[in-house]
Amino acid sequence: MAGRSSGRGTITSYVVSALNLDTWRDLPAAQQPEWPDRGALDDVVTELRGLPPLVFAGECDRLKDELAAVARGEAFVLQGGDCAETFAGATADNVRNKIKTLLQMAIVLTYAGRVPVVKIGRLAGQFAKPRSKNTETRDGVELPAYRGDMVNGFDFTEASRVPDPGRLLRAYHSSAVTLNLARAFTKGGYADLRQVHAWNQDFVAGSPAGQRYERLAREIDQALAFMSACGAEPAEFHTVEFYSSHEALILDYDHAMTRIDSRTGLPYDVSAHMVWIGERTRQLDHAHVEFFSKIRNPIGVKLGPTTTADEALTLVEKLNPSNEPGRLTFISRMGAGKVRDALPPLVEKVTASGAVVTWICDPMHGNTFEASGGFKTRRLDDVLDEVTGFFEVHRALGTHPGGIHIEFTGDDVTECVGGGHQILEEDLALRYETACDPRLNRSQSLDLAFRVAELYRGD
């Protein structure tokens with residue numbers, strides 16, 4: 001593997017096999033719905049194939065270039081959003097609040113961490129979730145598990161929990177609405193750096209994180225005023241590049257959304273700029289890895305604490321045989337108590353192989369527990385500890401800690417405990433609104449951003 005090449009010019013040998021996009025159908029596919037009517041699914045898939053792309057191949061390539069810069073140690077990834085989006089949540093207020101929180105976190109990382117930030121939303125497609133059990137039981141009643149709005153309904157009724165292929169179309173249209181809003185907010189003036197105070201007006205008074213952010217915003221104002229006085233007014237101050245991503249779990253959907261790029265003749269999953277494989281579906285001989293090996297988007301793979309170095313190296317060989325920079329991101333999700341032991345062998349051996357990989361940390365999924373009141377939750381302290389361990393591992397090995405991947409919301413929910421504006425376990429019932437896993441609220445997200453900025457600077 002040490003003799004790998006590392007440029008886009010190496011993809012010619014890949015073209016022939018890439019165009020056979022159906023090979024995944026011959027392999028086991030984990031976490032797929034049991035559709036009751038295959039004919040109805042086929043009709044929906046046919047309709048999806050004829051719909052316009054949600055993103056464009058050139059945009060995916062631009063993100064790939066930015067992720068290549070991260071792999072070189074020149075930038076940092078901030079990827080985040082809902083655990084599971086809902087159709088009802090595709091409103092202007094909800095999308096704006098998520099964009100606002102992500103922009104505030106990015107400002108903290110860019111200004112306080114002194115690093116360019118690649119902004120990737122976990123939105124406009126995150127409508128499906130893997131589940132540890134196929135069924136859910138309440139009061140003696142057993143029904144199919146909720147697998148996200150793309151598959152079935154959240155209400156615990158027999159009719160709601162039947163997988164409905166028509167929901168794939170609703171997911172497409174909801175994604176289109178969300179992407180349209182995201183582009184409007186990030187390109188239409190809302191993301192202008194001169195808005196740093198406006199993003200905080202509803203937040204500063206009652207939140208320690210908001211007050212800390214406001215002090216940083218004043219510093220940014222002063223810096224902008226100085227640059228303006230010097231005649232500097234770069235376009236980058238007025239808009240931001242913002243990318244979409246989701247776990248490509250439901251293969252019928254993402255396969256139907258794959259198009260052949262007219263420029264290159266290569267296939268791209270145009271449902272999102274970046275897609276990833278989850279911890280439960282990264283089996284080397286299964287359908288998800290096979291499908292991902294054929295599309296040309298930047299892709300990610302979640303790696304849990306049981307991942308071996310040999311598995312990671314095989315994933316590299318399968319998913320990025322040309323060693324194209326920015327193509328493959330490994331997203332570690334080890335847990336605060338395991339990251340310092342489980343991550344080093346992976347980073348060390350992948351790096352020694354010559355593979356160009358972007359490493360980012362998901363500090364959420366390995367730190368979930370059930371609170372005394374029965375709510376699934378996470379401690380912010382555990383999230384911070386896993387991120388700290390992630391940085392420690394990379395600094396010890398001389399590699400680049402490339403980013404974070406988190407579940408957050410722009411709303412004032414009470415789903416995770418801790419933070420500067422303290423949430424206790426007994427507070428969880430106040431505003432526990434997630435459709436699946438607990439999310440950081442806006443204050444906790446900013447607490448995390450300030451801590452990551454300190455880690456990046458080496459404080």
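Bear in mind that the values here come from a model prediction, so they are computed numbers and not experimental data.
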When the ring planes of Tyr146 and Phe154 are compared, do they come out parallel, tilted or perpendicular, using 30° and 60° as the limits? perpendicular
Test side-chain contact (heavy atoms from CB on, under 4.5 Å) on Leu315 and Leu303; report intermediate values, then the result. CA-CA 11 Å; Leu315 284 165; Leu303 302 180; 4.0 Å; yes
side-chain contact (heavy atoms from CB on, under 4.5 Å) between Trp359 and His400, intermediate numbers included: CA-CA 7 Å; Trp359 293 93; His400 180 56; over 6 Å; no
Salt bridge between Lys64 and Glu66, side-chain N to carboxylate O under 4.0 Å? no
Measuring only between side-chain heavy atoms, which start at C-beta, is Ile107 closer than 4.5 Å to Tyr213? yes
Verify whether the ring centers belonging to Trp24 and His286 lie closer than 6.0 Å. no
Using a strict threshold of under 4.0 Å (side-chain N to carboxylate O), is an ion pair present between Arg340 and Glu392? yes
Run the salt bridge (Lys or Arg N to Asp or Glu O under 4.0 Å) test on Arg451 and Glu454 for me, step by step, so that the C-alpha distance in whole Å, both residues' side-chain angles and the decisive distance to 0.1 Å come before the verdict. CA-CA 5 Å; Arg451 177 58 184 149; Glu454 292 164 358; 3.4 Å; yes
When you measure from the centre of the six-membered ring of Phe450, is the NZ or CZ of Arg212 closer than 6.0 Å and no more than 45° off the axis? yes
Could you tell me whether a side-chain N or O of Thr434 sits under 3.5 Å from a main-chain N or O of Cys436, the two making a donor and an acceptor? yes
So do the side chains of Arg122 and His405 get within less than 4.5 Å of each other, counting heavy atoms only? yes
Arg218: which residues meet the side chain to side chain donor-acceptor pair (under 3.5 Å) condition with it, sequence neighbours left out? none
Backbone N/O of Arg161 and side chain of Asn152: donor-acceptor pair under 3.5 Å: yes
How long is the gap from CG on Leu455 to CZ on Arg457, to the nearest 0.5 Å? 9.5 Å
Hey, could you give me the CZ/OG1 distance between Arg282 and Thr314, rounded to the nearest 0.5 Å? 11.0 Å
Closest non-hydrogen atom pair, Val115 against Leu109: CG1-O, 3.5 Å
Between Val275 and Ala272, what is the shortest heavy-atom contact and its length? CG1-CB, 4.1 Å
How far does CE of Met150 sit from OG1 of Thr86, to the nearest 0.5 angstrom? 13.0 Å
Has the side chain of Thr307 got a donor or acceptor atom that lies under 3.5 Å from a matching backbone atom of Gly304? yes
Return yes if a side-chain donor-acceptor contact under 3.5 Å exists between His246 and Gln126, otherwise no. no
Assess the side chains of Ser443 and His421: does a donor N or O sit below 3.5 Å from an acceptor N or O? no
Check Ala371 against Leu428 and note the closest heavy-atom contact, atom names and distance. CB-CD1, 3.7 Å
Check: Asn97 main-chain N/O paired with Thr101 side-chain donor or acceptor under 3.5 Å: yes
Kindly indicate, with the supporting measurements, whether the criterion salt bridge (Lys or Arg N to Asp or Glu O under 4.0 Å) is fulfilled by Glu136 and Lys133. CA-CA 7 Å; Glu136 178 184 357; Lys133 297 180 180 179; over 6 Å; no
Is there a donor-acceptor pair under 3.5 Å between the side chain of Arg327 and the backbone N or O of Asn297? yes
Can you confirm whether the side chains of Arg96 and Thr91 place a donor and an acceptor under 3.5 Å from each other? no
I'd like to check Asp269 versus Ile295 (side-chain heavy atoms, cut-off strictly below 4.5 Å). Are they in contact? yes
Is Ser245 close to Gln79 at the side-chain level, that is, under 4.5 Å between some pair of heavy atoms? yes
Separation of Leu181 CG from Leu123 CG (nearest 0.5 Å): 9.5 Å
Minimum heavy-atom separation for Ala309 to Lys349, with atom names? CB-CD, 3.4 Å
Between the side chain of Glu85 and the main-chain N/O of Gly125, is any donor-acceptor distance below 3.5 Å? yes
Separation between CD of Glu433 and CG of Asp412, rounded to the nearest 0.5 Å: 9.0 Å
No-hydrogen, no-angle side-chain donor-acceptor test under 3.5 Å, Thr281 and Gln31: no
Counting C-beta onward and ignoring hydrogens, is there a side-chain heavy-atom pair between Asn94 and Thr178 closer than 4.5 Å? no
Smallest heavy-atom separation, Pro298 atom then Gly326 atom, equals CB-O, 3.7 Å
Side-chain heavy atoms of Phe330 within contact of Leu346, under 4.5 Å: no
Ring centroid separation for His288 and Phe292, is it under 6.0 angstrom? no
Go through Val118 and Val70 one step at a time and tell me if the side-chain contact (heavy atoms from CB on, under 4.5 Å) criterion holds. CA-CA 8 Å; Val118 182; Val70 176; 3.9 Å; yes
Aromatic plane relationship, Phe127 with Phe87 - under 30° parallel, 30 to 60° tilted, over 60° perpendicular: tilted
Less than 6.0 angstrom from the centroid, inside 45 degrees of the normal: does Arg379 satisfy that with respect to the ring of Phe369? yes
Lys302 and Glu247: CA distance, side-chain angles, deciding distance, salt bridge (Lys or Arg N to Asp or Glu O under 4.0 Å) verdict: CA-CA 10 Å; Lys302 294 282 188 83; Glu247 179 179 358; over 6 Å; no
I'd like to check Ile250 versus Leu168 (side-chain heavy atoms, cut-off strictly below 4.5 Å). Are they in contact? yes
To the closest 0.5 Å, what do you measure between CD (Gln32) and CG (Asp252)? 7.0 Å
Consider only side-chain N and O atoms of Asp385 and Thr388, and report whether a donor and an acceptor are under 3.5 Å apart. no
Run the side chain to side chain donor-acceptor pair (under 3.5 Å) test against Gln222 and tell me which residues pass, sequence neighbours left out. none
Paired with Arg378, the salt bridge (Lys or Arg N to Asp or Glu O under 4.0 Å) test is passed by just one of Glu407, Glu415, Glu370, namely Glu407
Pair Phe56 + Tyr268: ring centers closer than 6.0 Å: no
Got a donor-acceptor contact below 3.5 angstrom from the Lys187 side chain to the Val240 backbone? yes
Minimum-distance pair of heavy atoms, taken over all atoms of Asp254 and Ser271: OD1-OG, 3.0 Å
Given 3.5 Å as the limit, does a donor-acceptor pair link the side chain of Asp82 with the main chain of Ala84, or not? no
Under a plain distance cut-off of 3.5 Å, with no hydrogens placed, do Arg333 and Asn367 share a side-chain donor-acceptor pair? no
Asp155 side-chain N/O to Thr157 backbone N/O, donor-acceptor pair under 3.5 Å: no
Do Ile423 and Cys416 have side-chain heavy atoms sitting under 4.5 Å apart? no
Where the side chain of Asn323 meets the backbone of Val356, is there a donor-acceptor pair that is under 3.5 Å apart? yes
Under the salt bridge (Lys or Arg N to Asp or Glu O under 4.0 Å) rule, what do Arg296 and Glu324 come out as? Steps first, then yes or no, please. CA-CA 10 Å; Arg296 297 309 303 156; Glu324 182 183 2; 2.4 Å; yes
